[in-house]
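Heavy atoms only: backbone and side chains are in, while hydrogens, waters and symmetry mates are out.
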Amino acid sequence: MAGLPPFLSWLALPLYAVEGTRVRARTPRFPPPPGPVMGRVGAPWQAGDDEIRLLVLGDSSAAAVGLDRQEDGLAPQLAEALAARSGRSVVWRAAGFNSATSGQLRDHVVPALEPAPYTHVLLSVGFNDLKNFHSGRRFLREFGGLIYAVKARFPESRIFWSQLLDPAEVPGLTPRLAAILRLRRRALDPLGACLCRERGAIAIPAMQGLPPEAFCSDGIHPSRQGFRGWAEHLAAHMMADT
């Protein structure tokens, strides 16, 4: 029975294609906002400081798409939340790209990143794999390869993955689209969590019960308030596992 939800989602692929085209046609397309993609939170660095060095790597959420400025995005807000919980200064870097999938991050982004000594790496990826109907086998290969690539590039880091949000929580999706994507999520999300366990990463459960104001005007990407709540949620798990 475990394979039944993905099988049913493939049967619904024609409906998904038609419904998805309609949603894309009426959904505004936002570019990443202006602003710095790296910074520091907390006291100026001094020799001997035990600072957190954070990389947020992922898709449009990591790129702060939907906001007016980068400073309100996931990476800087997560840095603020980690600093508040730990009492340590946080140096942060965001590497996010519109529509990025696990395989694209693995092949084109990780090799191009500077080999900095990050202590914490957050992966915000998977929803594009989901909406692009990537198979479980492909997700196993590409997301699993992404974890290995990050571990090889940043061997001193602890790696965290923010698990897939329930599509029913996303107001910009129609009920039919959300229902089909939920079938896909039932296959990919547990697979991603299993890969994390096997490959030394930490899977952080998705938030639930999100209010409408957690999303920006397109109903797809988080708002400033949404990023703040997400950052607090992530920081609580990251500090508990550090």
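- Of all the heavy atoms in A63 and F97, the pair that sits closest is CB-N, 4.0 Å.
- Counting only distance, with no hydrogens or angles, the side chain of H233 and the backbone of P205 share a donor-acceptor pair below 3.5 Å.
- V41 has its side chain out of reach of I52: every pair of non-hydrogen atoms, C-beta onward, lies at least 4.5 Å apart.
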Next item on the list: Kindly indicate, with the supporting measurements, whether the criterion side chain to side chain contact (heavy atoms under 4.5 Å, CB included) is fulfilled by R69 and D72.
Entry: CA-CA 6 Å; R69 58 180 204 155; D72 295 325; 3.0 Å; yes
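- Distance check, rounded to the nearest 0.5 Å: OG of S157 to CZ of R53 gives 10.0 Å.
- Here the CD atom belonging to E114 is positioned 5.5 Å from the CE atom belonging to M38, to the nearest 0.5 angstrom.
- No more than 12 heavy atoms of other residues, nucleotides or ligands lie within 6.0 Å of CD in Q208, so this atom counts as exposed by the packing criterion.
- Each of D189, I204, L188 was checked for a side-chain contact (heavy atoms from CB on, under 4.5 Å) with Q163, and the lone residue meeting it is D189.
- Proximity of L122 to I159: side-chain heavy atoms (C-beta onward) are nowhere separated by under 4.5 Å.
- Using a 4.5 Å cut-off between side-chain heavy atoms of Ile, Leu, Val, Met, Phe, Trp and Tyr, with links allowed through other members, L123 and L191 fall into the same hydrophobic cluster.
- For the pair L113/L55, a side-chain contact is recorded, criterion being any heavy-atom separation below 4.5 Å from C-beta on.
- Note that CZ of R138 and OG1 of T101 are 6.5 Å apart. Values are rounded to the nearest 0.5 Å.
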Item checked: Test salt bridge (Lys or Arg N to Asp or Glu O under 4.0 Å) applied to E51 and R40, step by step -> CA-CA 10 Å; E51 65 185 7; R40 175 186 293 274; 2.8 Å; yes
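- Between V121 and R158 the shortest side-chain heavy-atom distance does not fall below 4.5 Å.
- Minimum interatomic distance between A62 and A95 (heavy atoms only, all atoms of both residues): CB-O, 4.3 Å.
- For the pair P115 and R153, the tightest heavy-atom approach, listed with the atom from each and the gap, is CD-NH2, 3.8 Å.
- Of all non-hydrogen atoms in E156 and P117, the two that sit nearest each other are OE1-CB, 3.8 Å.
- By the 6.0 Å contact criterion, CG on N98 is enclosed, its count of non-hydrogen atoms from other residues, nucleotides or ligands being greater than 12.
- Distance CG/N128 to CG/D59: 5.0 Å, rounded to 0.5 Å.
- Looking at L105 and H108, their side chains never come closer than 4.5 Å, going by heavy atoms from C-beta outward.
- When hydrophobic clusters are built by joining Ile, Leu, Val, Met, Phe, Trp and Tyr residues whose side-chain heavy atoms come closer than 4.5 Å, directly or via intermediates, I202 is grouped together with L78.
- Using a 4.5 Å cut-off between side-chain heavy atoms of Ile, Leu, Val, Met, Phe, Trp and Tyr, with links allowed through other members, F227 and V37 fall into different hydrophobic clusters.
- Side chains of Q70 and P32 form a contact here, defined as non-hydrogen atoms less than 4.5 Å apart.
- Formation of a donor-acceptor pair under 3.5 Å by the E80 side chain with backbone atoms of A231 is not found in this model.
- Nearest heavy atom pair, residue K151 against residue G200, reads NZ-O, 4.1 Å.
- Linking Ile, Leu, Val, Met, Phe, Trp and Tyr whenever their side-chain heavy atoms come within less than 4.5 Å puts L164 and L234 in one cluster.
- Relative orientation of the W161 and F139 rings is tilted, given thresholds of 30° and 60° on the angle between their planes.
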Next item on the list: Under the side chain to side chain contact (heavy atoms under 4.5 Å, CB included) rule, what do F143 and V125 come out as? Steps first, then yes or no, please.
Entry: CA-CA 9 Å; F143 180 69; V125 68; 4.0 Å; yes
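- Under the 3.5 Å distance criterion, the side-chain polar atoms of R88 are left unmatched by any main-chain donor or acceptor of A83.
- V109 is not listed as a side-chain neighbour of Q104, based on a closest heavy-atom distance of 4.5 Å or more.
- Taking both residues in full, the closest heavy atoms of P36 and E71 are given as CD-OE2, 3.3 Å, listed atom of the first, atom of the second, then distance.
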Next item on the list: For S61 and H221, run side chain to side chain donor-acceptor pair (under 3.5 Å): C-alpha distance rounded to whole Å, both residues' side-chain angles, the deciding distance at 0.1 Å, then the answer.
Entry: CA-CA 7 Å; S61 290; H221 296 97; 5.9 Å; no
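- Taking 4.5 Å as the limit, some side-chain heavy atom of F133 sits within range of a side-chain heavy atom of R184.
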Next item on the list: Check the pair S217, F30 against side chain to side chain contact (heavy atoms under 4.5 Å, CB included), reporting the backbone distance first and the verdict last.
Entry: CA-CA 10 Å; S217 59; F30 296 128; 3.4 Å; yes
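- Stacking of R93 on the aromatic ring of Y118 is not recorded, the 6.0 Å distance cut-off and the 45° axial limit not both being met.
- Put simply, OG on S89 and CG on D50 are 8.5 Å apart, with the number rounded to the nearest 0.5 Å.
- Both V110 and W92 sit in one connected hydrophobic cluster of ILVMFWY residues. Membership requires side-chain heavy atoms under 4.5 Å apart, directly or through other members.
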Next item on the list: Start with the C-alpha gap between V65 and I220, add the side-chain angles, then the distance that decides, and say whether side chain to side chain contact (heavy atoms under 4.5 Å, CB included) holds.
Entry: CA-CA 10 Å; V65 169; I220 302 292; over 6 Å; no
